[in-house]
2 protein chains.
Amino acid sequence: MNSDPATRIRALGARVTPARLAVLRLLEGADRALSHHDVEAALSDLDIDRVTLYRVLDWLVESGLAHRVTDAQRVFRFSLAAPNAPQHDQHAHFRCEDCGKVFCLDDVQIAQPALPKGFSAKSVGLSVTGQCAQCDRHTAAK
Amino acid sequence: MNSDPATRIRALGARVTPARLAVLRLLEGADRALSHHDVEAALSDLDIDRVTLYRVLDWLVESGLAHRVTDAQRVFRFSLAAPNAPQHDQHAHFRCEDCGKVFCLDDVQIAQPALPKGFSAKSVGLSVTGQCAQCDRHTAAK
DNA sequence: CACGTTAATGCAATCTTGTTGCATATAATC
DNA sequence: GATTATATGCAACAAGATTGCATTAACGTG
Ligand SMILES: [Mn+2]
Ligand SMILES: [Mn+2]
Ligand SMILES: [Zn+2]
Ligand SMILES: [Zn+2]
C-alpha cells in the first residue's frame with residue numbers, strides 16, 4: 001500500500017498519463033492543500049491543459065486518492081488522502097488569513113455535535129482560520 | 001439592542017434604503033442561511049438590482065450584522081448574526097445533502113483544537129452535512 | 001420644505017472558477 | 001505494429017461574484 005504513483009494509478013484501473021503522474025507527485029510532496037491554480041503554476045513547464053488538470057483533480061477525488069476542500073474564497077483545494085488518516089468525512093483544515101494557504105490538520109479529532117431534533121449527521125468538518133507558522137515568524141521578525 | 005431594522009441600520013452610520021430594509025427583514029425572518037439567489041427570489045417584487053443585493057449583503061457582513069458561509073457548492077450564504085450568539089468566530093453550520101439548505105447551529109459549542117507549533121487560531125467553524133428534519137420526514141413517509 | 005452633498009443604486013461589462021462537447025491523440029493490450 | 005477505449009486539447013459555456021461609472025435618492029442643513 002502507498003506504493004509509487006504509477007502503480008497506484010494502475011491499481012485503480014486507470015491509465016498512467018503524464019498529467020496524472022505529475023499531479024499525484026505534486027500532491028504527495030505538498031505540505032498543504034493545493035488549488036487548481038497552485039497546481040497549474042507548479043506544473044506550468046509541462047504545458048498541461050487547464051481542463052485536463054481539472055479532470056485529473058476530479059478523478060483523484062472520485063477515486064479516493066485525494067479529497068477536496070472549499071475555502072472561504074470559493075476555491076477548491078486538493079490534498080492527498082492520507083491512507084492512514086481516519087474517514088475523509090471527519091477532517092479539519094486550517095486557513096491562514098495572511099498567506100491564504102490551507103493546511104490539513106490530520107490528527108485533530110472532531111466531536112460529534114448535538115443536532116436539532118430530526119437532523120442526522122453524515123460528516124463533520126472543522127475549519128480553523130488564523131495565522132500559520134510561517135506568517136507568524138514574518139510578523140514577529142519585524 | 002436588536003431594535004427595528006431602520007434603527008439598526010442608522011446606528012451604523014449608514015443610510016436606510018429599501019434594499020437594506022428588505023434584505024435585513026428577510027434575513028430576520030429566515031430560519032436558515034440564504035444565498036444571493038434566495039434573496040433575489042424572495043424580493044423579486046421589489047425589483048432591486050442584482051448588484052445592489054450583492055452590495056447590501058457584503059455591507060451586512062462588513063458591518064457585522066450578518067455573516068457569510070460558503071457551502072460545498074461554492075455559493076455564499078448569509079444569515080443574521082444573532083446578537084445574543086457567542087463570538088462570531090465560533091460558528092457551526094448544517095448542510096442538508098438532500099435539499100441543499102444550510103442551517104446555523106447557534107448553540108453548538110466548538111472546542112478549540114490543538115494546532116501545530118507556530119499556528120494560532122482566530123476563528124473555528126464547524127460544518128456538518130447530513131439530512132435535515134424536513135427531508136427526514138419525507139423519506140420516512142414513503 | 002427646498003437644497004446640496006454624498007452615499008447608494010442601476011446597468012453593462014468584466015472576472016474567476018469550474019464544466020461540457022467533440023475531435024484528436026495516446027496508453028494499454030494484443 | 002495495429003487496435004481500441006481512455007485521456008487530452010481546445011473552444012465554448014455557465015454560474016457566481018465584482019468593478020467602473022453615470023445617475024438617483026437619503027438625509028442633514030437652512
Ligand atoms: Mn484535508
Ligand atoms: Mn451561521
Ligand atoms: Zn500564512
Ligand atoms: Zn433537507
Side-chain angles (χ1 to χ4, degrees), chain A residues 4-25 33-63 65-78 95 100 102, chain B residues 4-25 33-63 65-78 95 100 102:
Chain A
D4 77 294
T7 308
R8 294 209 289 173
I9 292 171
R10 243 183 296 265
L12 291 165
R15 292 186 183 172
V16 179
T17 65
R20 283 179 179 157
L21 274 177
V23 173
L24 197 45
R25 276 202 269 255
L34 301 182
S35 66
H36 172 270
H37 199 73
D38 293 333
V39 174
E40 197 173 24
L43 305 181
S44 58
D45 50 333
L46 294 185
D47 268 331
I48 304 172
D49 190 78
R50 205 167 61 86
V51 176
T52 299
L53 290 183
Y54 274 115
R55 292 200 262 232
V56 167
L57 290 169
D58 286 349
W59 168 80
L60 281 169
V61 172
E62 280 160 25
S63 61
L65 290 185
H67 65 112
R68 196 198 316 259
V69 201
T70 321
D71 69 359
Q73 278 62 47
R74 324 186 318 122
V75 175
F76 288 143
R77 289 174 180 271
F78 302 84
R95 172 166 211 288
V102 173
Chain B
D4 75 296
T7 308
R8 294 209 288 173
I9 293 171
R10 242 183 296 264
L12 291 165
R15 292 184 184 173
V16 179
T17 66
R20 283 178 178 158
L21 275 178
V23 173
L24 197 45
R25 277 201 270 254
L34 301 182
S35 66
H36 172 271
H37 199 74
D38 293 333
V39 175
E40 198 172 24
L43 304 181
S44 58
D45 51 332
L46 294 185
D47 267 331
I48 304 172
D49 189 78
R50 207 165 56 86
V51 177
T52 299
L53 290 183
Y54 275 115
R55 292 199 262 234
V56 167
L57 290 169
D58 286 349
W59 169 80
L60 282 169
V61 172
E62 279 160 28
S63 62
L65 290 186
H67 64 112
R68 196 198 317 257
V69 201
T70 321
D71 68 359
Q73 277 62 46
R74 321 184 319 120
V75 175
F76 288 144
R77 289 174 179 273
F78 302 85
R95 173 167 211 287
V102 173

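Order of the sequence lines fixes the chain letters, A, B, ..., with proteins taken first and strands second; residue numbering starts at 1 for each chain.
Rounded to 10°, the angle separating the first-five-pair axis and the last-five-pair axis of the helix from C/dC1-D/dG30 to C/dC30-D/dG1 equals 30°.
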Restricting to nitrogen or oxygen on both sides, can you table the protein-nucleotides 9-12 of chain C pairs closer than 3.5 Å?
| unit_1 | atom_1 | unit_2 | atom_2 | d |
| --- | --- | --- | --- | --- |
| C/dT9 | OP1 | B/T17 | OG1 | 2.8 |
| C/dG10 | OP2 | B/D49 | N | 3.1 |
| C/dG10 | OP2 | B/T52 | OG1 | 2.6 |
| C/dG10 | N7 | B/R55 | NH2 | 3.0 |
| C/dG10 | O6 | B/R55 | NH2 | 2.6 |
| C/dC11 | N4 | B/R55 | NH2 | 3.4 |

Full working for side-chain contact (heavy atoms from CB on, under 4.5 Å) between B/V69 and B/F76: CA-CA 6 Å; B/V69 201; B/F76 288 144; over 6 Å; no

Trace of the side-chain contact (heavy atoms from CB on, under 4.5 Å) decision for B/D71 with A/T70: CA-CA 8 Å; B/D71 68 359; A/T70 321; over 6 Å; no

CA sep, side-chain torsions, deciding dist, call: A/R68, A/L57, side-chain contact (heavy atoms from CB on, under 4.5 Å): CA-CA 9 Å; A/R68 196 198 316 259; A/L57 290 169; over 6 Å; no

CA sep, side-chain torsions, deciding dist, call: A/W59, A/L12, side-chain contact (heavy atoms from CB on, under 4.5 Å): CA-CA 11 Å; A/W59 168 80; A/L12 291 165; 3.9 Å; yes

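Without hydrogens or angle criteria, A/R20 side chain to A/V56 main chain gives no donor-acceptor distance under 3.5 Å. No donor-acceptor pair under 3.5 Å is formed between the side chain of A/H36 and the backbone N or O of A/F78. Listed for the A/D38 side chain is a donor-acceptor partner under 3.5 Å among the backbone atoms of A/S35.
A/H37 comes within 4.0 angstrom of no nucleic acid atom, judged by non-hydrogen atoms across all strands. Within 4.0 Å (heavy atoms only), A/R68 reaches no atom of the nucleic acid at all.
Here the nucleotide nearest the side chain of B/D58, chosen from D/dT18, D/dC27, D/dG16, is D/dT18.
Whole-Å rounding puts the B/L21 CG to C/dA8 C1' distance at 13 Å. A/E40 has its CD atom 11 Å from the C1' atom of C/dT17, to the nearest Å. For the pair A/I9 CD1 and D/dT6 P, the computed distance is 16 Å after rounding to whole Å. A/L34 has its CG atom 13 Å from the P atom of C/dG18, to the nearest Å. Put simply, CG on A/D71 is 9 Å from P on C/dG18, counting in whole angstrom units. With rounding to whole Å, A/F76 atom CZ is found 6 Å from C/dG18 atom P.
Look at A/Y54 and you'll find a side-chain N or O under 4.0 angstrom from OP1 or OP2 of C/dG18.
A donor N or O paired with an acceptor N or O is found under 3.5 Å between the base of C/dA7 and the side-chain atoms of B/R15. Within 3.5 Å, no donor on the side chain of A/R74 pairs with an acceptor on the base of C/dT17, nor the reverse.
In terms of position on DNA chain D, the residue among B/Q73 and B/A14 whose nearest nucleotide sits closer to the 5' end is B/Q73.
B/L46 contributes atom CG, which lies 10.5 Å from atom CG of B/L21 (distance to the nearest 0.5 angstrom).
B/L24 places a side-chain heavy atom less than 4.5 Å from the side chain of B/R8.
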